[in-house]
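For this chain, numbers begin at 1 and follow the sequence in order.
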Amino acid sequence: MELAYIPSPSSGVLYLGPVPLRGYAFCIIIGVFVAVWLGNKRWIARGGRAGTVADIAVWAVPFGLVGGRLYHVITDYQLYFSEGRDWVDAFKIWEGGLGIWGAIALGALGAWIGCRRRGIPLPAYADAIAPGIAIAQAIGRWGNWFNQELYGRATDLPWAVEITSSADGRMPGTYHPTFLYESLWCIGVALLVIWADRRFTLGHGRAFALYVAGYCAGRFWIEYMRVDEAHHILGLRLNNWTAVLVFLLAVLYIVLSARKRPGREAVVEPGAGDGEGPAADVGQTDGDAAGKDASAEDATTEDATDTDDAGKPGKSEKPDESEGPAEPEESKDGAGSAKKA
């Protein structure tokens with residue numbers, strides 16, 4: 001008899017009056033907001049404008065959701081297209097089923113589109129949002145707890161999760177809470193990226209690559225513990241092989257990028273913080289006008305000086321001999337230069 005365990009919710013849906021709030025979707029939404037909030041703070045710290053991260057997320061998030069769902073449906077097609085299954089369920093994203101590999105891949109495409117429209121380098125944007133993505137995953141994994149899915153092997157450990165549902169081949173009992181393991185691991189990855197970014201001044205996409213490598217390292221052993229249905233290759237689950245491949249690519253990118261482009265981008269967003277924009281145009285116009293006025297004033301002064309030296313208006317036509325002899329030409333030039341200055 002188990003003395004302690006993590007109970008599962010009796011239902012994955014919470015009702016706010018007549019409005020259903022599905023726990024899985026709710027966790028995803030909270031994760032997105034946290035990722036954008038943290039990414040915005042990091043982007044501003046790197047010299048970008050406030051709000052840019054959210055503007056690009058408008059492209060990245062929908063692409064990521066579609067990519068995550070596509071990866072899940074393609075790799076677990078038997079859940080939707082085998083005999084006795086309803087293919088319409090493939091569109092019910094609120095019931096769970098998002099592949100992080102597809103979400104990151106297609107989400108990066110959406111982010112690239114958003115960055116291109118703003119003239120922003122994608123690697124710099126990816127570095128800023130990397131820890132936020134890890135935290136979003138940590139929050140999103142609790143959606144699996146609401147749906148009683150993606151648990152590990154049976155165990156009687158005090159932190160085991162209790163599964164009460166018998167739908168889709170589930171066996172009620174207590175199991176390793178792999179959703180919890182992955183959630184804690186993602187928080188650790190986020191802290192690692194933040195520390196390494198400050199310690200080594202990561203740039204040109206290396207902070208994002210570190211997040212990818214760190215996540216894959218944890219996903220490998222967590223995936224190995226899971227008992228849900230999955231395709232196997234040479235005795236390992238498909239996601240294990242995916243984690244190994246992506247981990248190697250991320251490490252390779254870090255090494256090659258550090259050699260080819262060391263340091264960090266000096267400018268992450270064109271025009272941010274350097275006075276470009278409408279206000280700068282107004283200031284430039286005012287400066288030009290002031291310059292023109294100054295030039296006109298100099299010209300007027302010069303004309304007046306020439307007239308004063310030559311004709312001396314305001315005095316009698318015949319110079320007064322009591323004033324003494326006329327000044328040498330060199331003295332006149334000096335006086336005129338002093339007036340112009």
Is the distance between the ring centroids of Tyr80 and His72 under 6.0 Å?
yes
From Arg219, His232, Glu223, residue fulfilling side-chain contact (heavy atoms from CB on, under 4.5 Å) relative to Asn240:
Glu223
Val246 pairs by side-chain contact (heavy atoms from CB on, under 4.5 Å) with which of Val244, Leu248, Thr242?
Thr242
Flag yes if Ile104 and Leu150 sit in one hydrophobic cluster, no otherwise; membership is Ile, Leu, Val, Met, Phe, Trp, Tyr, and two members link when side-chain heavy atoms are under 4.5 Å apart.
no
Would you kindly say whether Tyr77 and Trp87 are connected by a side-chain donor-acceptor distance under 3.5 Å?
no
In terms of side-chain heavy atoms, does Arg226 have a donor or acceptor partner in Thr178 at a distance below 3.5 Å?
no
Set out, in order, the CA-CA distance, both residues' side-chain angles and the distance that settles side chain to side chain donor-acceptor pair (under 3.5 Å) for Tyr211 and Asp127, then state yes or no.
CA-CA 9 Å; Tyr211 144 72; Asp127 285 341; over 6 Å; no
Arg264 and Thr201: CA distance, side-chain angles, deciding distance, side chain to side chain donor-acceptor pair (under 3.5 Å) verdict:
CA-CA 7 Å; Arg264 176 183 287 178; Thr201 316; 5.2 Å; no
Check the angle between the aromatic planes of Phe220 and Tyr224 and answer parallel, tilted or perpendicular using the 30° and 60° thresholds.
parallel
Parallel under 30°, tilted from 30 to 60°, perpendicular over 60°: which one fits the rings of Trp195 and Phe200?
perpendicular
Ignoring hydrogens and angles, tell me if any N or O in the side chain of Thr174 forms a donor-acceptor pair with the backbone of Ala160 under 3.5 Å.
no
Looking only at atom types and distance, does a side-chain atom of Trp159 sit under 3.5 Å from a main-chain N or O of Pro177, one as donor and one as acceptor?
no
Salt bridge (Lys or Arg N to Asp or Glu O under 4.0 Å) for Arg237 and Asp228? Distances and angles first, verdict last.
CA-CA 10 Å; Arg237 295 164 65 95; Asp228 53 297; 3.3 Å; yes
Does a side-chain N-to-carboxylate-O contact under 4.0 Å join Arg46 and Glu269?
no
Atom pair CG (Asp76) and CD (Glu229), whose distance is rounded to the nearest 0.5 Å
7.5 Å
Check step by step if side chain to side chain donor-acceptor pair (under 3.5 Å) holds for His176 and Tyr151.
CA-CA 6 Å; His176 278 284; Tyr151 46 86; over 6 Å; no
Glu162 vs Tyr175, side chain to side chain donor-acceptor pair (under 3.5 Å): CA-CA, chis, key distance, verdict:
CA-CA 7 Å; Glu162 181 190 32; Tyr175 300 86; over 6 Å; no
